[in-house]
Protein chains: 2
Amino acid sequence: MLSIGELAQTTGCKVETIRYYEKIGLMPEPERTGGNQRRYAPRHRERLHFIRHSRDLGFSIEAIRELLALSDQQQRDCAAVDALARRHREAVQARIESLLTLREELDRMIEGCAGGDVAHCRIIEVLSDHSQCQGEHG
Amino acid sequence: MLSIGELAQTTGCKVETIRYYEKIGLMPEPERTGGNQRRYAPRHRERLHFIRHSRDLGFSIEAIRELLALSDQQQRDCAAVDALARRHREAVQARIESLLTLREELDRMIEGCAGGDVAHCRIIEVLSDHSQCQGEHG
DNA sequence: TAACCGCCCTGTAGCCACTACAGGGTCAAG
DNA sequence: CTTGACCCTGTAGTGGCTACAGGGCGGTTA
């Protein structure tokens with residue numbers, strides 16, 4: 001049985017975050033010592049690993065809640081899991097595309113800056129006026 | 001002179017957001033009618049355009065605060081503006097790279113899923129175990 | 001002039017996913 | 001038995017808004 005600090009260390013998760021996951025019902029309530037301190041069994045460690053890894057892969061708390069519920073129903077078809085993962089993949093893809101557009105606009109803006117004083121700064125000028133951008137962004 | 005609703009319409013910014021920008025000191029306090037309603041001059045519209053465009057380009061509120069302060073000092077050298085823009089560009093670049101890594105892991109995970117039941121779902125398996133990932137992410 | 005209705009006002013609370021305290025209690029080593 | 005590292009609960013803060021509640025204003029119509 002692990003204390004919350006030990007669990008935190010083995011999972012790379014902060015103590016406060018573990019308590020937070022418990023409060024929002026993502027982590028089950030662990031046993032307690034006589035002095036009211038949490039003591040975790042291996043299954044808690046596995047679940048926290050699952051949560052942390054999913055978070056690192058960008059899944060939202062609500063998505064993880066669904067994934068956990070699905071992973072508890074071992075005999076059901078995994079189509080719902082697949083759909084969730086694909087939806088998230090598409091969201092990541094969209095974010096990448098919008099950041100690439102952004103980077104282009106930033107590059108154009110920065111390249112345009114030839115030094116000198118603020119009154120003639122290309123960056124300030126572009127920021128004031130979106131029509132000087134190549135395309136849409138944001 | 002524009003009412004707050006008119007200003008919102010011409011800038012594509014919500015009314016609440018304009019009031020929020022005023023509260024945090026990003027927008028200057030406008031004049032008021034006898035009945036205490038805000039009335040905006042053209043310079044407010046320009047400033048709000050600057051703010052919105054900067055936000056769309058991903059600058060943080062604090063960065064915009066600095067950019068606005070710098071753009072008010074027309075005769076100073078624009079090196080500080082340039083540095084701010086470049087730093088932001090690098091942050092965007094880093095974010096893109098981390099999302100690309102993420103997308104790769106998600107793709108590998110999704111491709112690995114051959115259907116069937118949750119007990120044998122590759123996605124659930126990888127989520128439980130980071131060592132099955134190619135590299136670091138998150 | 002009164003009524004109407006859409007707009008405006010302030011202030012507060014909520015969103016996400018944590019993080020950071022304050023003010024106290026517990027556990028294990030020495 | 002004392003020390004000090006850890007743990008407890010509860011609340012408030014982060015960024016950048018958004019969404020009310022409960023009231024007031026402004027301009028048009030009757």
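Numbers restart at 1 for each chain; the letters A, B, ... are given by sequence-line order, proteins then strands.
With respect to B:R108 and B:E105, a salt bridge is recorded, a charged nitrogen being found less than 4.0 Å from a carboxylate O. Ion pairing of B:E90 with B:R87 is absent here, as no side-chain N (NZ or NE/NH1/NH2) approaches a carboxylate O to less than 4.0 Å.
For B:N36, whose side chain is taken as the heavy atoms from C-beta onward, the closest listed nucleotide among C:dT10, D:dT9, C:dC27 is C:dT10. Which of D:dC7, D:dG16, D:dT9 sits closest to the side chain of B:I61 comes down to D:dG16. Comparing D:dT18, C:dC8, D:dC8 by their nearest atom to the side chain of B:V15 picks out C:dC8. You'll find that the side chain of A:R38 is closest to D:dT9, out of D:dT9, D:dC7, C:dC27.
Look at OH on A:Y21: it is 7 Å from C1' on C:dA17, rounded to the nearest Å. Between the C1' atom of D:dG26 and the CD atom of B:E6 lies a distance of 12 Å, rounded to the nearest Å. Nucleotide D:dT9 holds its P atom 10 Å from the NZ atom of A:K23, rounded to whole Å.
Among the atoms of the strands shown, base atoms are found under 4.0 Å from some heavy atom of B:R19. A:R65 comes within 4.0 angstrom of no nucleic acid atom, judged by non-hydrogen atoms across all strands.
Residues A:G34 and A:R55 each lie close to DNA chain C; by heavy-atom proximity, the contact nearer the 5' end of the strand is made by A:R55.
Shown here is B:Q74, whose CD atom has more than 12 heavy atoms of other residues, nucleotides or ligands within 6.0 Å.
Using modelled atom types, no side-chain atom of A:Q75 and backbone atom of B:D117 make a donor-acceptor pair closer than 3.5 Å.
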